[in-house]
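All values derive from a computational prediction rather than experimental measurement. As a basis for the values below, the full set of heavy atoms in this structure was taken, side chains included, without hydrogen atoms, waters or symmetry mates.
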Amino acid sequence: MTPGSRKVAVVGVSLSDCGRVDDATPYALHAQAARRALADAGLGREVVDGFASAGLGTLAPVEVAEYLGLRPTWVDSTSVGGATWEVMAAHAADAIAAGHAKAVLLVYGSTARADIRAGRRTGNLSFGSRGPLQFEVPYGHTLIAKYAMAARRHMLEHGTTIEQLAEVAVQARANAALNPEAMFRDPITVDDVLSGPMIADPFTKLHCCIRSDGGAAVLLVAEELVRDCRTAPVWVLGAGEHVSHSAMSEWPDFTTGPAAVSGRLAFERAGVRPEEIDFAEIYDAFTYMTLVTLEDLGFCRKGEGGAFVEKGRLLVRGGELPVNTDGGGLSAQHPGMRGLFLLVEAVRQLRGEGGERQVWGPDGLGELPRLGVASATGGWFCSSGTLVLGRD
């Protein structure tokens with residue numbers, strides 16, 4: 001087998017303890033997720049020669065690799081916000097295909113909720129005031145306000161309603177109700193979303209992701225290692241990445257996110273069309289992110305996202321395109337930089353491990369889904385990574 005011709009599979013995925021975790025450090029959550037992912041694959045840590053992590057330590061991922069007892073010969077610390085993990089997975093797949101590594105472990109862990117509860121940190125309203133951001137910070141542009149402005153623009157240009165945006169939260173919660181690991185499972189209604197406290201117009205509280213603790217890990221390997229694993233492989237079929245802007249003033253169109261590019265590239269490289277996808281895992285820090293990413297990925301035309309999310313289309317049970325099958329960041333868990341959790345859930349769905357929330361193929365007769373997409377957004381629509389995954 002010549003370098004560059006290898007197929008790449010995900011063979012191990014796991015979450016650490018998630019939700020309310022008051023008695024663990026971020027390092028401990030990294031380790032817990034990593035151990036569980038390796039156990040899921042049935043492999044020992046000695047096989048891991050590639051490592052990727054971001055968000056923890058001064059020299060991430062050097063500190064985390066040392067904590068885990070790893071000495072990798074391939075490493076990545078790309079950090080582009082929530083899209084980090086899809087971009088890292090794409091880089092890892094390229095490295096494995098080229099023969100630079102045989103098994104790459106991606107790991108994340110955060111105690112974002114516990115740290116605030118214990119007073120170790122405060123809620124951050126912005127990413128700082130250096131560089132291009134200095135021209136926006138004086139005007140009070142918080143992170144959430146940037147998403148809120150983009151949502152308002154979509155509402156103005158395309159007639160999207162606040163009720164349609166609220167439907168995203170309602171359906172995410174309905175999916176979470178089927179997930180025993182989700183942090184919030186009680187049903188909500190559109191009226192519940194609309195009547196909540198205002199956070200940044202037009203977003204009320206339930207339009208926004210929850211804050212939780214938690215970690216995740218994903219193990220990618222070269223195809224020759226698949227036979228040594230206890231799990232069925234989920235193949236990386238295509239990937240795309242894109243960065244759009246840093247300053248909002250440089251974003252040419254608030255109604256189109258970077259997934260419009262990363263998604264197109266991923267589908268082209270996988271040789272599939274959006275209409276062939278059985279389910280989608282989409283980064284959902286806010287309801288608008290889900291809606292506009294559905295448009296950007298080609299599941300509906302630009303401006304039609306509002307109509308698309310109506311009538312239960314995103315539901316695991318009865319939805320035409322189940323989206324965020326675990327409940328997403330709006331209901332399941334969101335410890336920050338949530339992109340790795342999208343990959344974990346996508347793999348579980350393709351392996352038939354969804355339990356009550358399992359998605360079935362288009363015939364509805366018990367066939368497992370064959371194709372899924374995970375698409376994450378970073379910053380304030382600054383970056384995107386999209387992966388198309390499939391099973392044998």
Side-chain angles (χ1 to χ4, degrees), residues 10-93 95-96 100-121 124 181 211-221 225 229 231 333-344 347 376 378 385:
V10 180
V11 295
V13 297
S14 185
L15 302 182
S16 72
D17 294 345
C18 292
R20 300 173 179 86
V21 186
D22 292 318
D23 56 352
T25 68
Y27 287 98
L29 295 182
H30 278 76
Q32 188 180 60
R35 285 195 300 268
R36 290 176 178 178
L38 287 168
D40 182 55
L43 297 173
R45 68 179 182 180
E46 68 278 357
V47 76
V48 176
D49 59 353
F51 185 71
S53 189
L56 182 64
T58 303
L59 296 174
V62 177
E63 293 179 26
V64 179
E66 182 180 66
Y67 186 84
L68 299 180
L70 300 175
R71 295 293 185 269
T73 54
W74 181 92
V75 67
D76 190 5
S77 61
T78 298
S79 185
V80 288
T84 289
W85 308 101
E86 280 66 23
V87 172
M88 280 185 173
H91 295 175
I96 292 170
H100 297 162
K102 62 183 178 182
V104 178
L105 183 65
L106 281 63
V107 189
Y108 176 68
S110 169
T111 52
R113 174 205 150 271
D115 289 348
I116 289 180
R117 181 181 176 88
R120 291 188 289 267
R121 56 169 283 184
N124 55 313
E181 294 181 307
R211 184 182 291 273
S212 76
D213 308 309
V218 169
L219 180 66
L220 300 94
V221 303
L225 291 184
C229 299
T231 54
Q333 76 287 115
H334 197 300
M337 295 176 65
R338 191 178 178 272
L340 198 55
F341 293 77
L342 309 183
L343 295 174
V344 171
V347 170

Q | Contacts of type side-chain contact (heavy atoms from CB on, under 4.5 Å), residue A216, not counting sequence neighbours | A |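 With neighbours one apart ignored, the set is L15, L340, F341, V344.
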
When you measure from the side chain of [X] to the backbone of [Y], do you find a donor-acceptor pair of N or O atoms at a distance under 3.5 Å?
| X | Y | answer |
| --- | --- | --- |
| S77 | A54 | no |
| S212 | Q333 | no |
| D49 | T73 | no |
| D22 | A114 | no |

Please report the shortest heavy-atom distance between [X] and [Y], naming the atom on each side.
| X | Y | value |
| --- | --- | --- |
| V10 | V13 | CG1-CG1, 3.7 Å |
| S14 | R36 | OG-CB, 2.8 Å |
| A376 | L342 | CB-CD1, 3.8 Å |
| A217 | A37 | CB-CB, 3.7 Å |
| A92 | L220 | CB-CD1, 4.4 Å |
| G214 | L29 | N-CD1, 3.8 Å |

Q.
side-chain contact (heavy atoms from CB on, under 4.5 Å) for D23 and V21? Distances and angles first, verdict last.
A. CA-CA 6 Å; D23 56 352; V21 186; 3.9 Å; yes

To the nearest 0.5 Å, what is the distance between [atom1] ([X]) and [atom2] ([Y])?
| X | Y | atom1 | atom2 | answer |
| --- | --- | --- | --- | --- |
| S53 | M88 | OG | CE | 6.0 Å |
| L59 | E66 | CG | CD | 10.0 Å |
| D17 | Q32 | CG | CD | 4.0 Å |

Q. Yes or no on side-chain contact (heavy atoms from CB on, under 4.5 Å) for R45 and L68, after CA distance, side-chain angles and deciding distance?
A. CA-CA 9 Å; R45 68 179 182 180; L68 299 180; 5.9 Å; no

Q: Could you tell me which residues satisfy ring pair (Phe, Tyr, Trp, His ring centres under 6.0 Å) with Y108, sequence neighbours excluded, listed by chain and number?
A: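 Once residues adjacent in sequence are excluded, the partners of Y108 under the ring pair (Phe, Tyr, Trp, His ring centres under 6.0 Å) criterion are W85.
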
Q: Please name the residue in the list R113, R20, H334 that meets the side chain to side chain donor-acceptor pair (under 3.5 Å) test with D213.
A: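 Only match with D213 under side chain to side chain donor-acceptor pair (under 3.5 Å): R113.
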
Q: Using the side-chain contact (heavy atoms from CB on, under 4.5 Å) rule, take L225 and V11 through it: C-alpha gap first, then chi angles, then the decisive distance, then the call.
A: CA-CA 9 Å; L225 291 184; V11 295; over 6 Å; no

For a 4.5 angstrom cut-off between non-hydrogen side-chain atoms, does [X] reach [Y]?
| X | Y | result |
| --- | --- | --- |
| L106 | F51 | no |
| D76 | V87 | no |
| L70 | L105 | yes |
| P61 | V75 | yes |
| I96 | V221 | no |
| H91 | T78 | yes |
| V104 | V48 | no |

Q) Any ion pair linking D115 and R211 (charged N to carboxylate O, less than 4.0 Å)? A)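 Salt bridge flag = no for D115 with R211.
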
(Q) E181: which residues meet the salt bridge (charged side-chain N to carboxylate O under 4.0 Å, His left out) condition with it, sequence neighbours left out? (A)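 Here the qualifying residues are R348.
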
(Q) Between T231 and D40, is the side-chain contact (heavy atoms from CB on, under 4.5 Å) condition met? List the steps. (A) CA-CA 7 Å; T231 54; D40 182 55; 3.9 Å; yes

